[in-house]
Amino acid sequence: QVQLVESGGGLVQAGGSLRLSCAASGLTFSNNVMGWFRQAPGKEREFVACSSRSGGDTGYANSVKGRFTISRDNAQNTVYLQMNSLKPEDTAVYYCAVRRGTVVLTVAVAYDYWGQGTQVTVSS
């Protein structure tokens, strides 16, 4: 029974920051790749960031590179997404996801478990 619970979303002005958290249970957290995705109304779910099992290897969408940082605390079974210099186009529901495997992939279909999502709204 894998469960992922996101938190930390909210409303911020452009240029502001948020830190999202995702607490995982029901799996050996350190054995899984973790990812963050986002989805706006009428849009397909898109990749944001991902992290290897150790957290040493990370990947980012070009649209967030240099602004967002993914990190993980395996002892606490938690993955984070630090979002800085937020833009209105970052507005979406953000989801954390688990991929059972070792290869870091960026497509949603490669991930096996999903959280319920947390809303991020960036105003102009």
Side-chain angles (χ1 to χ4, degrees):
Q1 297 183 359
V2 176
Q3 184 177 11
L4 305 174
V5 180
E6 301 101 330
S7 61
L11 173 64
V12 298
Q13 293 185 348
S17 298
L18 285 173
R19 189 179 78 153
L20 306 183
S21 299
C22 175
S25 61
L27 75 164
T28 303
F29 186 80
S30 61
N31 288 346
N32 293 276
V33 171
M34 299 296 298
W36 286 97
F37 293 77
R38 66 188 183 187
Q39 188 168 22
K43 304 292 185 180
E44 293 186 354
R45 191 168 300 179
E46 66 173 343
F47 167 76
V48 176
C50 58
S51 173
S52 65
R53 294 183 298 170
S54 68
D57 296 320
T58 58
Y60 299 91
N62 289 334
S63 59
V64 306
K65 193 172 299 181
R67 300 188 297 120
F68 291 10
T69 302
I70 187 172
S71 61
R72 63 195 295 167
D73 185 342
N74 287 343
Q76 297 296 321
N77 287 359
T78 302
V79 63
Y80 304 94
L81 185 68
Q82 178 67 47
M83 306 185 295
N84 298 326
S85 301
L86 283 162
K87 304 174 181 179
E89 52 263 44
D90 295 319
T91 296
V93 176
Y94 283 70
Y95 300 89
C96 69
V98 173
R99 197 183 91 82
R100 293 191 177 277
T102 59
V103 178
V104 177
L105 298 175
T106 62
V107 292
V109 294
Y111 288 77
D112 300 289
Y113 303 102
W114 296 84
Q116 82 289 345
T118 185
Q119 177 71 47
V120 172
T121 303
V122 184
S123 65
S124 300

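Position 1 is the first residue of the sequence; numbering continues from there.
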Quick one: pull up CG in Asp57 and OG in Ser52 and give me the separation to the nearest 0.5 Å. 4.0 Å
Hydrophobic clustering (ILVMFWY, side-chain heavy atoms < 4.5 Å, transitive) - are Val98 and Val104 grouped together? no
Could you pull out the closest heavy-atom pair between Thr118 and Gly8, with the gap in Å? OG1-N, 4.3 Å
Any chance you could lay out the side chain to side chain contact (heavy atoms under 4.5 Å, CB included) test for Ser30 and Arg53, step after step, and finish with the verdict? CA-CA 5 Å; Ser30 61; Arg53 294 183 298 170; 5.9 Å; no
Rounded to the nearest 0.5 Å, what separates atom OH in Tyr95 from atom CG in Leu81? 15.0 Å
When rounded to the nearest 0.5 angstrom, what distance separates CG in Asn77 from SG in Cys22? 10.0 Å
Distance, nearest 0.5 Å, that separates CG of Leu18 from CD of Gln82: 8.5 Å
Do Val93 and Met34 share a hydrophobic cluster (ILVMFWY, side-chain heavy atoms under 4.5 Å, transitive)? no
Assess, by modelled atom type and distance only, whether the side chains of Arg38 and Tyr94 contain a donor and an acceptor separated by less than 3.5 Å. yes
Shared hydrophobic cluster, Val120 / Tyr60 (ILVMFWY, side-chain heavy atoms < 4.5 Å): yes
Evaluate Arg100 against Tyr113 for side chain to side chain contact (heavy atoms under 4.5 Å, CB included), listing each step before the verdict. CA-CA 9 Å; Arg100 293 191 177 277; Tyr113 303 102; 3.2 Å; yes
Do you know which of Leu20, Ile70, Asp73 makes side-chain contact (heavy atoms from CB on, under 4.5 Å) with Tyr80? Asp73
Of all heavy-atom pairs between Ala40 and Ala92, which one has the smallest distance, and what is that distance? N-CB, 4.0 Å
Indicate yes or no for a side-chain donor-acceptor contact from Glu6 to the backbone of Gly117 under 3.5 Å, with no hydrogens or angles considered. yes
Answer yes if Phe47 and Val33 sit in the same cluster of Ile, Leu, Val, Met, Phe, Trp and Tyr residues linked by side chain heavy atoms under 4.5 Å apart, and no otherwise. yes
Could you tell me whether the side chain of Trp114 reaches within less than 4.5 Å of the side chain of Arg45, counting heavy atoms only? yes
Work out which heavy atom in Ser85 is nearest to a heavy atom in Ser17; give both atom names and the distance. N-OG, 4.3 Å
Gap separating the CZ atom of Phe37 from the OH atom of Tyr111, nearest 0.5 angstrom: 5.0 Å
According to a 4.5 Å side-chain heavy-atom criterion applied to Ile, Leu, Val, Met, Phe, Trp and Tyr, with indirect links allowed, do Val64 and Val107 form part of one hydrophobic cluster? no
Just wondering, are more than 12 heavy atoms of other shown residues or ligands nearer than 6.0 Å to CD in Gln119? yes
State, with a plain yes or no, whether a side-chain heavy atom of Arg99 is found less than 4.5 Å away from one of Asn32. no
Is the CD atom of Glu89 crowded by more than 12 outside heavy atoms at less than 6.0 Å? yes
What is the minimum heavy-atom distance between Phe29 and Ala24, and which atoms define it? CD1-CB, 3.6 Å
Those residues at least two apart in sequence (or on a different chain) that pass salt bridge (Lys or Arg N to Asp or Glu O under 4.0 Å) with Arg67 are Asp90
When rounded to the nearest 0.5 Å, the distance separating CZ of Arg72 from SG of Cys96 is 11.0 Å
Would you say Thr91's side chain and Val122's backbone share a donor-acceptor pair under 3.5 angstrom? yes
